[in-house]
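The block underneath contains the structure these notes are about, expressed in structure tokens.
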Amino acid sequence: MSRILFATSEAYPLIKTGGLADVAGSLPRALRSLKQDIRLILPAYPEARKRMGKCKTIAEFELDDHSIKLLQGRLPGSRVTTWLIDATFFDRPGNPYMNEEGQIWPDNAERFALFSKAICHIAMDRIGLGWQADLVHCNDWQTALVPALLDQEPQRPATLFTVHNLAYQGLFDYDTFVKLRLPAHLWQYEALEFYNQLSFIKGGLVFADSISTVSPSYAEEIQRPEFGYGLDGLLRRRQQQLSGILNGIDVDEWNPGTDPRLVQNYNRRSLAKKAVNKIALQNYFKLPEKPETLLFGFIGRLVEQKGLDDILASLPGMLEMPVQFVFLGSGQHEYEQGLRKLANQHPNKIAVQIGYSEELSHRIEAGTDAFLMPSTFEPCGLNQLYSLRYGTLPVVRKVGGLSDTVQDITPKNLDNDRATGIVFAGTTGDGLPEALLRTQQLYQNKTRWKQVQLAAMRQDFSWQRSAQTYLELYKTSLERNPKPLN
Ligand code: ADP
């Protein structure tokens with residue numbers, strides 16, 4: 001049994017802005033059931049604190065002139081011990097990274113540097129808990145300074161850094177580096193400096209004993225200039241320590257057979273009942289109630305990564321056909337406006353809800369026939385996994401985790417009963433329209449469509465297998481640590 005400190009800036013159901021929260025909310029649970037002594041640590045945002053319910057202060061300490069309390073509770077719905085770092089920096093409304101108007105907090109560097117320093121303090125057992133981590137598992141740039149800081153110690157826990165999305169790196173200017181009181185020698189390109197900026201993510205990429213990403217394909221892609229943001233050279237250098245482990249999903253939370261948010265539960269044997277959810281969704285979105293019309297869904301952040309340019313360009317050409325689209329998301333203003341405009345122009349075919357709704361996201365997964373996910377890059381992607389489980393065929397670009405998890409409806413895959421969705425390649429504009437057309441053609445053939453739905457629903461993306469792979473990676477990381485604790 002190892003003592004693992006799992007560090008993250010968000011974890012479902014305490015606080016969530018994206019896929020990282022889903023992973024941080026379910027992987028520690030799976031690891032705990034594999035008998036690991038795991039502690040989840042995140043900042044004590046007011047919402048997280050509220051949702052955690054009962055908790056107690058187990059330590060108080062000072063760091064960089066900040067008073068910090070360490071609160072201990074349980075991740076709701078689990079037995080995972082959860083630690084919240086309580087400091088004034090985190091006592092704010094809004095989400096972990098921005099205020100209620102959607103503006104990034106200007107002091108995020110200071111906030112997450114303090115969080116990272118607190119993690120190191122705790123991992124080294126400098127606050128008298130009598131619990132010293134064997135390994136710290138860091139996730140994304142907000143915790144990426146941890147491996148760099150721990151590396152300054154003569155003896156330290158092993159470190160694993162997981163990249164959930166290389167596009168977010170935590171880049172700040174030199175003055176910020178000085179303000180953060182980081183060791184001066186870390187300002188060099190073999191450390192935290194990146195083209196004259198401070199790069200948080202380099203702390204993880206340079207110093208962690210192991211690096212992982214959330215799918216095997218993404219682990220390959222980020223070593224290429226097209227996906228590497230200038231970090232591909234560094235990643236190629238660390239190729240031996242870099243691997244990709246596919247995310248799992250919480251199969252209890254996302255189960256069409258028991259999901260309490262659905263109007264009608266269904267499973268593989270009662271697939272016909274899925275149609276009840278479709279009618280309910282058409283009613284909810286005020287679209288004409290048409291059981292036979294192919295209904296596409298989209299849920300996600302409205303940002304370039306999610307393929308919004310292709311979607312906005314392809315939609316008008318599709319509207320000659322008997323199709324409908326529902327969108328749930330929020331993000332960049334121009335995409336929100338673009339979708340709203342199309343919905344206003346075609347109220348019988350396109351409906352949009354701007355915002356975030358956990359409940360509606362489940363109802364879209366259940367009520368639609370096909371799910372649009374033409375991301376330009378996708379480290380793993382979760383919505384296509386939820387879609388597969390709900391018998392909603394994902395339409396995806398062949399990138400990252402999407403290509404690792406969806407099998408295209410090629411004649412061969414159909415004959416072998418392996419096809420689970422519609423996959424298109426390339427970055428040119430015609431990929432998505434062609435994929436939508438192929439979806440429409442398949443939909444005409446009810447027997448084939450059902451065959452693919454059943455194959456999709458048979459896929460197993462539960463955490464069991466991935467958690468086991470993480471465990472092996474923890475072991476390897478402990479062996480790689482050049483300065484192990486006694
Ligand atoms: P990313 O982490 O890049 O945002 P993922 O597909 O990995 O993308 O995970 C996104 C997660 O956030 C999924 O659980 C998805 O259902 C959820 N999500 C994104 N936008 C919304 C929204 N507007 N309402 C509800 N859930 C959302």
Side-chain angles (χ1 to χ4, degrees), residues 8-27 95-98 102 139-142 162-168 213-215 217-218 222 227 244-256 259 261 281 284-285 297-308 311 326-332 335-336 339-340 351-368 371-390 392 394-397 399-406 421 461 463 466:
T8 176
S9 56
E10 48 181 283
Y12 182 82
L14 297 175
I15 185 119
K16 165 168 164 177
T17 72
L20 169 61
D22 287 333
V23 175
S26 42
L27 174 58
N95 87 19
Y97 321 115
M98 46 181 98
N139 295 278
D140 276 354
W141 74 263
Q142 294 86 357
T162 300
V163 179
H164 295 262
N165 194 334
L166 194 68
Y168 301 97
T213 67
V214 288
S215 70
S217 288
Y218 194 59
I222 55 176
F227 294 96
I245 304 175
L246 213 50
N247 282 337
I249 58 172
D250 184 331
V251 289
D252 298 324
E253 183 77 16
W254 293 92
N255 180 353
D259 190 336
R261 296 168 173 110
L281 198 63
Y284 176 86
F285 275 107
F298 174 98
I299 304 161
R301 296 179 294 118
L302 300 178
V303 295
E304 194 187 343
Q305 177 198 341
K306 300 295 172 184
L308 266 302
I311 289 176
V326 297
F327 288 87
L328 168 65
S330 63
Q332 277 167 241
Y335 294 134
E336 292 184 357
L339 289 174
R340 277 204 178 108
V352 177
Q353 181 165 321
I354 301 297
Y356 189 95
S357 165
E358 202 66 39
E359 161 143 0
L360 184 57
S361 71
H362 284 244
R363 296 176 60 175
I364 291 177
E365 288 293 3
T368 51
F371 192 87
L372 276 180
M373 207 155 163
S375 310
T376 54
F377 68 95
E378 195 59 80
C380 175
L382 291 171
N383 275 311
Q384 86 280 13
L385 304 180
Y386 303 146
S387 301
L388 292 168
R389 193 152 161 80
Y390 280 62
T392 298
V395 182
V396 304
R397 197 188 306 270
V399 287
L402 300 175
S403 67
D404 290 340
T405 54
V406 185
F461 290 110
W463 267 108
S466 298

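Both counts, for ligands and for their atoms, begin at 1 and track the order of listing. Just so you know, these numbers use all the heavy atoms, side chains as well, and skip hydrogens, waters and symmetry mates.
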- Trace of the ring pair (Phe, Tyr, Trp, His ring centres under 6.0 Å) decision for F327 with F298: CA-CA 5 Å; F327 288 87; F298 174 98; 5.6 Å; yes
At a 4.0 angstrom heavy-atom cut-off, ligand 1 is contacted by K16, G18, G19, D22, I299, G300, R301, K306, L328, G329, G355, Y356, S357, S361, M373, G381, L382, N383, Y386
Here the salt bridge (charged side-chain N to carboxylate O under 4.0 Å, His left out) pairs for residues 10-19, sequence neighbours left out, are K16-D22, K16-E358
Paired with R261, the side chain to side chain donor-acceptor pair (under 3.5 Å) test is passed by just one of E253, E365, E359, namely E253
Sorted by chain and number, sequence neighbours left out, side-chain contact (heavy atoms from CB on, under 4.5 Å) with A24 holds for F6, T8, A11
The side-chain contact (heavy atoms from CB on, under 4.5 Å) partners of F285 (sequence neighbours excluded) come to L281, L287, V326, A351, Q353, L360, I364
Q.
Is the distance from the ring center of W141 to that of Y168 below 6.0 Å?
A. no
